[in-house]
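Down below is the structure, laid out as structure tokens.
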Amino acid sequence: MAQVNDIGIDLGTSNVLIYMKGKGIVLREPAVVAVERDTRKPIAVGADAYRMIGRTPGNVLALRPLRNGTMTDFELTRTMLQFFTAQVVGKRFFSRPRAVISVPSGVNEVEKRSIISAMFDAGMRKTNLLDRPVAAALGAGTSFDEAYGSMIVDMGAGATDIAVLSMGQVAVSNCVSIGGDYFDDAIIRYLRKKHNLLIGERTAEELKINIGSAVPKTEDVTMYVTGRNLISGLPKTMTVSTSEVYEALKEPVAELIECIQAVLEHTPPQLANDVFDEGIVFTGGAAALSGLTEAVYDVLHIPCAVADDPQTSVVMGCGRIVDDPALYKHLLDERRRFR
């Protein structure tokens with residue numbers, strides 16, 4: 001009898017990760033599709049398409065099908081999902097695997113049903129959707145099955161899910177369009193305004209990762225960046241310091257903290273008290289920003305911690321359900337039980 005390897009998928013704004021039962025994480029690819037401008041025919045998916053961002057000729061577009069936690073192009077999302085699933089699962093004629101997939105919170109019900117349909121076309125026998133905060137909490141090892149409040153802040157590239165969990169469910173939540181891309185845009189705007197230097201998204205991301213900080217640093221580290229001088233129109237290379245990136249990120253970090261505070265204000269008092277005792281767990285790739293937990297603590301005075309591997313928390317949460325569906329079936333939608 002053919003072996004069936006069920007899979008868990010983290011459909012993120014910037015990356016797609018796939019977990020396979022018995023094998024762990026088997027795919028980690030950028031959520032990018034390159035298409036011909038006129039025909040919209042896909043010519044590259046994943047890492048190959050990501051390398052084209054900012055470098056494509058006029059007749060080619062390198063696009064992210066998901067932006068700000070919502071699906072901006074469903075057909076490209078469908079193409080991307082089917083491409084990645086085929087890479088992992090291959091063609092199954094006698095046995096069709098099952099899938100647990102976590103999608104951005106901004107995806108609506110119609111799009112969710114369409115994703116399930118696309119996964120069936122890709123060879124899945126059954127696809128179950130899992131709330132992103134629940135997946136992140138599972139992957140981070142946070143306990144939320146008892147009558148006790150736990151707070152998860154899952155920071156993706158396009159959006160951040162802020163949720164208080166209790167009794168195995170989301171008690172209070174909010175999804176805000178503040179994430180890694182929002183931080184990158186802030187850096188681009190800052191350098192444009194202060195130095196008349198226009199840089200690309202990838203350069204801004206490298207600045208954020210290498211020298212970015214949410215709190216002031218005693219040691220000012222610098223990094224060379226190349227962009228276009230908006231006055232002369234010519235390429236220009238200059239050094240950017242940690243303090244400048246901090247100035248660029250100060251406002252968006254403050255906005256994020258306000259959003260976390262707003263969720264706490266709408267949380268029942270007893271659950272909020274639990275959060276103040278146990279603290280906040282940060283997951284997602286954008287949570288790796290240096291000094292982020294310190295910045296949150298300085299304002300809210302709540303203990304904060306980043307998951308051991310924040311980028312994989314969501315897919316590992318999906319993977320735990322794939323590994324033991326009977327134990328976690330209560331976390332899935334009644335209409336979409338994993339069976």
Could you pull out every donor-acceptor pair under 3.5 Å between side chains of residues 299-307 and any protein atom, sequence neighbours left out?
none

Using atom types as modelled, flag every donor-acceptor pair under 3.5 Å from a side chain in residues 250-257 to any protein atom, sequence neighbours excluded.
| residue | atom | partner | partner atom | Å |
| --- | --- | --- | --- | --- |
| K250 | NZ | E247 | OE1 | 3.3 |
| E255 | OE1 | Y182 | OH | 2.7 |
| E255 | OE2 | Y182 | OH | 3.3 |

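Atom CZ of residue R28 and atom CG of residue D10 lie 10.0 Å apart, to the nearest 0.5 angstrom. Atom SG of C318 is separated from atom OH of Y328 by 12.5 Å, given to the nearest 0.5 angstrom. Here the straight-line distance linking atom OG1 of T79 with atom CD of E75 works out to 6.5 Å at 0.5 Å rounding. How far CD1 of I260 is from CG of N174: 11.0 Å, rounded to the nearest 0.5 Å. In this structure, R228 CZ and L197 CG are separated by 9.5 Å, a value rounded to the nearest 0.5 Å.
In terms of the side-chain hydrogen bond (donor to acceptor under 3.5 Å, both in side chains) criterion, residue partners of T39 (sequence neighbours excluded) are, by chain and number, E36. Residues satisfying the salt bridge (Lys or Arg N to Asp or Glu O under 4.0 Å) test with D184, not counting sequence neighbours, are K208. Take R40 and apply the side-chain hydrogen bond (donor to acceptor under 3.5 Å, both in side chains) test, not counting sequence neighbours, and it matches D73. Take T72 and apply the side-chain hydrogen bond (donor to acceptor under 3.5 Å, both in side chains) test, not counting sequence neighbours, and it matches no residue. Partners of D161 by salt bridge (Lys or Arg N to Asp or Glu O under 4.0 Å), not counting sequence neighbours: none found. Residues forming a side-chain hydrogen bond (donor to acceptor under 3.5 Å, both in side chains) with T312 (at least two apart in sequence, or on another chain): D309.
In this structure, the side chain of T267 engages the main chain of V263 through a donor-acceptor pair within 3.5 Å. When atom types are taken as modelled, the side chain of T242 and the backbone of V221 share a donor-acceptor pair closer than 3.5 angstrom. Side-chain atoms of N229 never come within 3.5 Å of backbone atoms of L234 as a donor-acceptor pair (strictly under, hydrogens ignored). Remark: the backbone N or O of S143 is paired with a side-chain donor or acceptor of S150 at under 3.5 angstrom. No donor-acceptor distance shorter than 3.5 angstrom exists from the side chain of Q311 to the backbone of G285, with no hydrogens or angles considered. Side chain of D220 to backbone of S243: a donor-acceptor contact under 3.5 angstrom is found.
Under the 4.5 angstrom side-chain criterion for Ile, Leu, Val, Met, Phe, Trp and Tyr, V314 has no cluster partners at all. Residue Y148 shares its hydrophobic cluster (ILVMFWY side chains chained together at separations under 4.5 Å) with no other residue. Through direct or relayed side-chain contacts under 4.5 Å between Ile, Leu, Val, Met, Phe, Trp and Tyr, Y297 connects to no other residue.
In this structure, the side chains of I9 and M119 come closer than 4.5 Å at one or more pairs of heavy atoms. Between N5 and V89, the closest side-chain pair of non-hydrogen atoms is not below 4.5 Å. Two residues are said to be in side-chain contact when any heavy atoms from C-beta on lie closer than 4.5 Å; R64 and D181 meet this criterion. L27 is not listed as a side-chain neighbour of M20, based on a closest heavy-atom distance of 4.5 Å or more. Here the side chains of M155 and I178 are not in contact, with every heavy-atom distance at 4.5 Å or above. Side-chain contact between H266 and V164: absent, with no pair of heavy atoms (C-beta onward) separated by less than 4.5 Å. Using a 4.5 Å heavy-atom cutoff, the side chains of V315 and I18 are not in contact. Inter-residue side-chain proximity for I115 and L11 is flagged as met; some heavy-atom pair is nearer than 4.5 Å.
Atom CE of M238 has more than 12 neighbouring heavy atoms from other residues, nucleotides or ligands inside a 6.0 Å radius. More than 12 heavy atoms of other residues, nucleotides or ligands lie within 6.0 Å of CG in D185, so this atom counts as buried by the packing criterion. No more than 12 heavy atoms of other residues, nucleotides or ligands shown are found within 6.0 angstrom of CD on Q169. When the shell of 6.0 Å around CD of E265 is examined, it contains more than 12 heavy atoms from other residues, nucleotides or ligands.
No hydrogens or angles considered: a donor-acceptor pair under 3.5 Å links the side chains of T283 and D154.
A31 approaches G12 most closely through the heavy-atom pair CB-O, 3.7 Å.
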Please report the C-alpha distance between R202 and E205 in whole Å, then the side-chain angles of each, then the deciding distance to 0.1 Å, and finally whether the salt bridge (charged side-chain N to carboxylate O under 4.0 Å, His left out) criterion is met.
CA-CA 5 Å; R202 292 182 61 177; E205 185 178 17; over 6 Å; no

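The one candidate from P216, S241, S290 that meets the side-chain contact (heavy atoms from CB on, under 4.5 Å) condition with Y246 is P216.
The stretch residues 186-197 participates, sequence neighbours left out, in these side chain to side chain donor-acceptor pair (under 3.5 Å) pairs: Y190-K194, K194-E244, H195-E244.
By the 4.0 Å N-to-carboxylate-O rule, R51 lies close enough to D48 to be salt-bridged with it.
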